[in-house]
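Structure record follows, encoded as structure tokens.
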Amino acid sequence: MSQCALCLCDDPALWFASNKHPMSELLPRLFPILALFAFGVLARRRSWFDEVDARRMLTIVLWFAMPALILGTVTTLPLQADLMFLPLAGALILVLSWPVAVFLGKRLALPAPALGVFVISPMVMNLAAEYPFVLAVWGTEGFGRFALFDLGNSLVVFTLTYTLACIYGGRAGDIRGIGKRLASFPPLWALAIALLMNRWDIAMPAGLASILNTSGSAAVLLIMISLGIHFRPRLSLPLPAVLAIALRVVLGSGIALLLVVLFDLQGLDRLLVLMGALAPVGFNVLVFAAREGLDTELAATIVSMNLLLAFIYLPIFLYIVV
């Protein structure tokens, strides 16, 4: 029997029977994550926190939590050639979604501002929403490997995706500006340093690695509070929003399945690629839309509703595969 795309052995039934945790074991690990998101929603409704506070939380995550965890984990990963398929998979999921989004967007006859949002939405994975799940289920090793997958996502988002937003917004892409954006992204610097330390066998002191992992793991949970503060539910969805979410999640997952088979990814790497492909549309879609004069209302609808759906299907995915 050929290997199942989700399974790690030749017999899918045997794999699920031996590896699936009861919900009673999985829920305690996921409940704090969902509770923090709910707290963020409540905090906004009670005016305890607002979007300014949420941005400050994400700044802490961006400048401290993610770099700390990357430095504490990637430096100790056994870098093998097949690990390089992780960032490649992250990039290809987005790039291969591009022509499909363009084709469907033109069939919908959307005006340029809405078409721009529709095209770039499947090309931004909100992996920040998944980092706490990855950390809770697979620990720091999973976090470090997921950071490599995120490298491919980030490179495409801040180059191709942002350039497309500029084009649909009627502005030529500014290569220098894109370069500055990449250079000012702390997790990429941390990843570069960690990879060099790993390559040159520069050991991270055990005590420092422990501090980085512990403090980073705690701080990264601020992501969930921030997402709760930003969350804006909608009662109805326009067709472009529904299709954009489907492209991000369904098409992205289909591409991921093909890639894990093509690259012959196994074990944790296989699950992380599939998990990453399920990521909701990222908040950068709203940021790019506002900056480049695209349809911000459509962008906000897509981002918010995909985030809500993700908190339903991500635990289900983890229950099936963990």
Side-chain angles (χ1 to χ4, degrees), residues 20-70 72-73 125-144 146-147 150 187 211-235 245 248-249 271-272 274-276 278-283 286 300-322:
K20 184 172 63 177
H21 288 290
M23 185 62 78
S24 59
E25 294 182 23
L26 184 60
L27 278 180
R29 288 184 283 175
L30 301 184
F31 177 77
I33 299 170
L34 300 177
L36 287 173
F37 175 78
F39 173 76
V41 175
L42 177 64
R44 178 181 58 81
R45 291 184 177 275
R46 295 294 182 89
S47 299
W48 297 340
F49 297 122
D50 56 21
E51 283 80 1
V52 174
D53 299 307
R55 286 194 294 270
R56 289 171 179 163
M57 293 177 192
L58 290 179
T59 298
I60 294 173
V61 172
L62 184 68
W63 285 90
F64 171 70
M66 294 185 68
L69 280 169
I70 289 170
T73 57
M125 290 187 285
N126 187 359
L127 297 181
E130 294 190 329
Y131 270 109
F133 288 94
V134 171
L135 190 62
V137 176
W138 290 297
T140 55
E141 179 186 0
F143 189 99
F146 204 58
D150 196 5
I211 292 173
L212 290 174
N213 287 333
T214 302
S215 57
S217 298
V220 80
L221 294 176
L222 290 173
I223 291 174
M224 306 315 297
I225 300 177
S226 175
L227 293 179
I229 295 170
H230 278 106
F231 180 63
R232 295 290 187 277
R234 301 295 175 97
L235 294 178
I245 293 172
R248 167 75 292 287
V249 178
L271 295 180
L272 290 175
L274 296 174
M275 175 82 171
L278 288 171
V281 174
F283 279 100
L286 184 55
T301 299
I302 292 171
V303 169
S304 294
M305 295 313 299
N306 199 177
L307 180 62
L308 175 62
L309 292 172
F311 284 117
I312 298 173
Y313 62 69
L314 287 178
I316 294 174
F317 170 81
L318 291 172
Y319 176 66
I320 293 173
V321 303
V322 174

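All values below were derived from every heavy atom in this structure, side-chain atoms included, with hydrogens, water molecules and symmetry-related copies excluded. The structure displayed is predicted, hence computed values, not measured ones.
- Distance CZ/Arg248 to CD1/Ile302: 12.5 Å, rounded to 0.5 Å.
- Going from atom CG of Leu42 over to atom CD1 of Ile225 covers 11.5 Å, rounded to the nearest 0.5 Å.
- In this structure, Met305 and Ile245 approach most closely via the heavy-atom pair CB-CD1, 4.2 Å.
- Atoms OG and CG, from Ser304 and Leu286 in turn, are 8.0 Å apart once rounded to the nearest 0.5 Å.
- Here the closest non-hydrogen pair linking Leu127 and Ala279 is CD2-CB, 3.7 Å.
- Taking 4.5 Å as the limit, some side-chain heavy atom of Phe317 sits within range of a side-chain heavy atom of Leu274.
- Nearest heavy atoms, Ala310 versus Pro315: O-CD, 3.8 Å.
- Residues Ile229 and Arg44 approach most closely at O-CD, 2.8 Å, considering heavy atoms.
- Considering CH2 of Trp138 and CG of Leu272, their distance stands at 5.5 Å, rounded to 0.5 Å.
- With sequence neighbours excluded, the residues satisfying side-chain contact (heavy atoms from CB on, under 4.5 Å) with Ile316 are Ile312, Ile320.
- The shortest non-hydrogen separation linking Ala54 to Ser226 is O-OG, 3.2 Å.
- How far CG of Leu222 is from CG of Asp53: 11.5 Å, rounded to the nearest 0.5 Å.
- Note that CG of Leu314 and CE of Met275 are 5.0 Å apart. Values are rounded to the nearest 0.5 Å.
- For the side-chain contact (heavy atoms from CB on, under 4.5 Å) test, residues two or more places apart in sequence or in another chain that qualify with Phe311 are Leu34, Phe37, Phe133, Met224, Leu307.
- One N or O on the side chain of Tyr313 and one on the backbone of Leu278 form a donor-acceptor pair closer than 3.5 Å.
- Within the 4.5 Å cutoff, side-chain heavy atoms of Asp150 are placed close to those of Tyr131.
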